[in-house]
Q: 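Structure incoming, see below.
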Amino acid sequence: MDLEVKGIGTASRNLKRHKSAQGWRIRSCDAYGPRPDDVPALDLRKLGDSDGEPCPVEELTIPETLPPPSERYKLKYRQLEEEMKMSYKQHSQQTTQRSKAISLCQQPPLANLQVQKSPVDEMNPEGLTSLDKKAILQQCYTSKPYTMEQSMRRLEAEDLAAEKRKQAVVEQVLVDQLSRAVISDPGQDGSTTDRSQQHSTRLGLGSAPLRFRNRKLHQTKVKTSSTLTENLLSNKLRFDARIISRNGRDACRELIGFFFAFDKSLTVYEYRQFGKNRTKALPFIQKGIYNHQPGRRKGRQYDVGDFYVGADLTFLTAQHVGLPTSVQEKPLLTLRVIGIDEMAKRSLLTTGNPAFSKQEMDDRNIIMSVQGLLKEKLKKRGVRTMTGLVKYFHQRDLCGGGVLQKMELKQGLRRFHLELPNQDFESLWCILDQDGDGEVDYFQFIRVVIGEMNEFRKAFVRKAYMKLDPNKTGSISVNDISKFYNGRKHPQVLSGECSEQQVRAAFMDMLHECCVNPKEVTYCEFEVYYEGLSLGITDDEDFANVMKNCWAV
């Protein structure tokens with residue numbers, strides 16, 4: 001009982017102390033007025049009693065001695081009011097755009113760009129079809145996807161990796177060319193007799209054979225016809241090349257070639273990667289002296305002037321052993337030079353650059369004039385024309401050899417409204433059919449008549465395809481392409497005019513027109529699509545931004 005009374009007394013004293021503190025806080029606030037930085041005090045008048053009934057609320061009176069607000073507080077209030085108005089306005093605009101985008105997403109994709117399966121002959125040559133509109137939609141990726149610092153860091157990293165690969169190939173070439181008959185022949189060792197006497201005195205008759213002893217290259221005393229020195233091999237021209245092929249495995253091979261000025265020979269190596277950490281440079285074209293196979297320079301030996309970006313190097317596949325099976329199927333192997341060491345070329349061209357003959361210049365002028373006639377017609381319908389021509393010629397190629405006759409090529413141009421004057425067509429035919437067999441590769445015919453992308457643009461196409469096909473199977477499923485395609489950075493998607501699904505559907509519809517198999521896309525079909533898209537993009541940087549935004553290459 002005493003403990004209970006004592007506990008009640010202690011609780012009552014604590015309650016009085018708490019009430020007195022709260023009363024002092026309230027009186028202090030009433031006396032001096034509220035301050036902005038003070039924590040608001042507890043208002044006991046708003047609390048209910050023990051029965052749950054609220055206490056009567058007394059009216060608050062404003063003291064007469066309260067000072068008016070200062071100009072600083074008035075300025076802050078006006079600024080806060082303006083900020084609230086602007087934030088409300090921005091919120092309203094964002095809400096409107098979001099509701100508009102949602103309504104577009106709920107619509108069927110590309111309702112205004114339905115695919116029309118009408119025959120090509122019924123199309124208006126000057127008008128645009130739904131497929132042309134979809135292709136133009138893909139040309140709008142002209143904004144830069146990355147900041148300048150990010151793009152510079154990425155380019156520097158890519159250049160550093162490429163330089164390391166080239167340096168590894170250079171070292172492998174020197175090892176392969178210097179380690180020929182000189183080191184393998186024991187008779188070439190100049191210090192053989194001296195070292196054999198020393199070993200016989202030290203180790204006796206049971207010393208190691210000569211082939212197991214370490215010998216240096218500078219210890220040789222006689223030079224054979226196949227002997228090379230590092231000074232001779234250092235006077236070389238390095239270039240990058242690719243195989244002109246419709247197969248993705250061959251077109252994406254990384255080739256690095258060398259032209260040696262001392263004997264005008266050349267060799268080509270392939271940089272291969274086995275797994276994640278193992279790499280190797282393997283010979284692709286063995287070192288030797290080669291000549292031009294087709295064209296106006298047929299039979300002439302390769303010289304320094306024949307190596308420039310865009311030049312074609314031709315070889316007979318029967319002269320080389322170990323080439324891929326897909327390459328050996330054709331009698332002629334064509335390599336395209338895609339990069340060159342300009343400093344080395346300038347140093348090797350001190351004796352004079354071999355110029356093109358008059359006949360070669362006339363051929364180039366004829367091709368440029370024909371492409372100029374068709375340039376305006378293909379500016380807005382390049383994708384439909386390129387894909388349609390390839391499919392049309394593929395259907396006419398019954399034997400599968402990739403060649404067609406003159407009348408079949410003429411009919412294809414007429415079907416797609418690309419008629420040429422008879423004189424210009426005959427001139428082109430004489431340039432292409434120099435063998436006189438009456439047949440021409442129709443892919444080469446399309447490249448000559450319409451034109452082709454430069455190597456800067458084709459490098460981005462190959463990078464995108466290699467990203468989609470890392471195993472180099474030469475074929476990609478349509479589902480994989482749809483998954484990797486990125487339409488978020490399209491200008492119309494960013495502005496809310498259309499959705500990402502609509503842009504992706506437009507791209508897939510156009511790509512379906514290129515494919516023979518509706519479920520797979522080959523490298524040839526992928527490249528043909530971007531060949532047509534490139535016709536409507538004049539600037540190389542704009543085309544690069546299209547590939548970077550879509551495929552992040």
Side-chain angles (χ1 to χ4, degrees), residues 241-248 250-251 292-298 306 309-317 326-327 329-338 359-360 362-375 378 382 385-413 415-416 418 420 424-455 457-458 461-462 514 522-532 534-535:
R242 65 179 178 87
I243 304 175
I244 296 182
S245 173
R246 303 171 198 172
N247 189 350
D250 301 330
H292 293 270
Q293 297 303 321
R296 302 294 186 185
R297 299 190 176 190
K298 184 177 181 180
D306 296 325
V309 177
D312 291 339
L313 308 177
T314 54
F315 304 90
L316 294 175
T317 56
S326 57
V327 175
E329 292 177 354
K330 289 189 175 183
L332 201 65
L333 170 65
T334 304
L335 303 182
R336 173 71 57 83
V337 178
I338 61 176
Q359 197 171 17
E360 291 173 339
D362 293 340
D363 294 345
R364 291 194 172 196
N365 293 333
I366 291 172
I367 293 174
M368 294 298 293
S369 62
V370 170
Q371 293 178 2
L373 291 175
L374 303 178
K375 186 176 182 180
L378 297 171
T385 304
M386 285 292 297
T387 57
L389 269 178
V390 172
K391 291 183 70 174
Y392 178 81
F393 290 149
H394 181 73
Q395 294 172 358
R396 296 298 182 274
D397 184 18
L398 301 178
C399 62
V403 294
L404 292 175
Q405 297 180 356
K406 182 188 295 186
M407 291 305 300
E408 295 172 329
L409 297 176
K410 265 190 175 182
Q411 291 175 1
L413 294 180
R415 183 177 179 83
F416 288 88
L418 299 176
L420 292 175
D424 293 339
F425 185 85
E426 293 295 333
S427 299
L428 285 177
W429 185 261
C430 293
I431 295 173
L432 296 174
D433 187 24
Q434 295 183 7
D435 297 334
D437 56 356
E439 293 180 338
V440 168
D441 188 334
Y442 56 83
F443 274 95
Q444 184 182 5
F445 177 80
I446 293 175
R447 288 196 298 265
V448 171
V449 173
I450 298 179
E452 61 177 332
M453 292 186 293
N454 55 30
E455 295 304 321
R457 301 188 181 192
K458 286 196 175 184
V461 176
R462 290 196 304 275
C514 308
T522 62
Y523 173 78
C524 178
E525 295 166 344
F526 190 80
E527 187 183 44
V528 166
Y529 169 81
Y530 278 106
E531 285 277 5
S534 176
L535 295 174

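Positions are given from 1 along the sequence. The figures here come from the full heavy-atom set of this structure, side chains too, leaving out hydrogens, waters and symmetry mates.
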Q: The criterion is salt bridge (charged side-chain N to carboxylate O under 4.0 Å, His left out); which residues satisfy it with R246, sequence neighbours excluded?
A: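 Partners of R246 by the salt bridge (charged side-chain N to carboxylate O under 4.0 Å, His left out) criterion, ordered by chain and then number, come out as D441.
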Q: What residues form a salt bridge (charged side-chain N to carboxylate O under 4.0 Å, His left out) with E426, not counting sequence neighbours?
A: K406
Q: Only counting residues at least two apart or in another chain, list the ones meeting ring pair (Phe, Tyr, Trp, His ring centres under 6.0 Å) with F393.
A: Y442
Q: List for me each residue that meets ring pair (Phe, Tyr, Trp, His ring centres under 6.0 Å) alongside Y530, sequence neighbours excluded, and say none if there are none.
A: F526
Q: Any ion pair linking E360 and R297 (charged N to carboxylate O, less than 4.0 Å)?
A: yes
Q: Kindly write out the residues that satisfy ring pair (Phe, Tyr, Trp, His ring centres under 6.0 Å) with F443, not counting sequence neighbours, or none if the list is empty.
A: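 Partners of F443 under the ring pair (Phe, Tyr, Trp, His ring centres under 6.0 Å) test: none.
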Q: Return the set of residues passing salt bridge (charged side-chain N to carboxylate O under 4.0 Å, His left out) with D312 (not counting sequence neighbours), or none when no residue passes.
A: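 Once residues adjacent in sequence are excluded, the partners of D312 under the salt bridge (charged side-chain N to carboxylate O under 4.0 Å, His left out) criterion are R336.
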Q: If the condition is side chain to side chain contact (heavy atoms under 4.5 Å, CB included), which residues does S427 pass it with, not counting sequence neighbours?
A: I366
Q: Could you go through residues 430-440 and list every donor-acceptor pair under 3.5 Å that involves a side-chain atom there, pairing it with any protein atom two or more places apart or in another chain?
A:
residue: D433; atom: OD1; partner: G436; partner atom: N; Å: 3.2
residue: D433; atom: OD1; partner: D437; partner atom: N; Å: 3.3
residue: D433; atom: OD2; partner: W429; partner atom: NE1; Å: 3.4
residue: D433; atom: OD2; partner: G438; partner atom: N; Å: 3.1
residue: Q434; atom: NE2; partner: I431; partner atom: O; Å: 3.1
residue: D437; atom: OD1; partner: E439; partner atom: N; Å: 3.3

Q: For T317, what residues pass the side-chain hydrogen bond (donor to acceptor under 3.5 Å, both in side chains) criterion, not counting sequence neighbours?
A: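 Checked T317 against side-chain hydrogen bond (donor to acceptor under 3.5 Å, both in side chains); zero matches.
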Q: Going by salt bridge (charged side-chain N to carboxylate O under 4.0 Å, His left out), name the pairs with one or both residues in residues 362-372, residues two or more places apart or in two chains.
A: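 Every pair satisfying salt bridge (charged side-chain N to carboxylate O under 4.0 Å, His left out) with a residue in residues 362-372: R296-D363, K358-D362.
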Q: Under the side-chain hydrogen bond (donor to acceptor under 3.5 Å, both in side chains) rule, collect the residues that match up with T522, sequence neighbours excluded.
A: E525
Q: Mind checking side-chain hydrogen bond (donor to acceptor under 3.5 Å, both in side chains) for R457 and listing every partner two or more places apart, or none if nothing turns up?
A: S534, D540
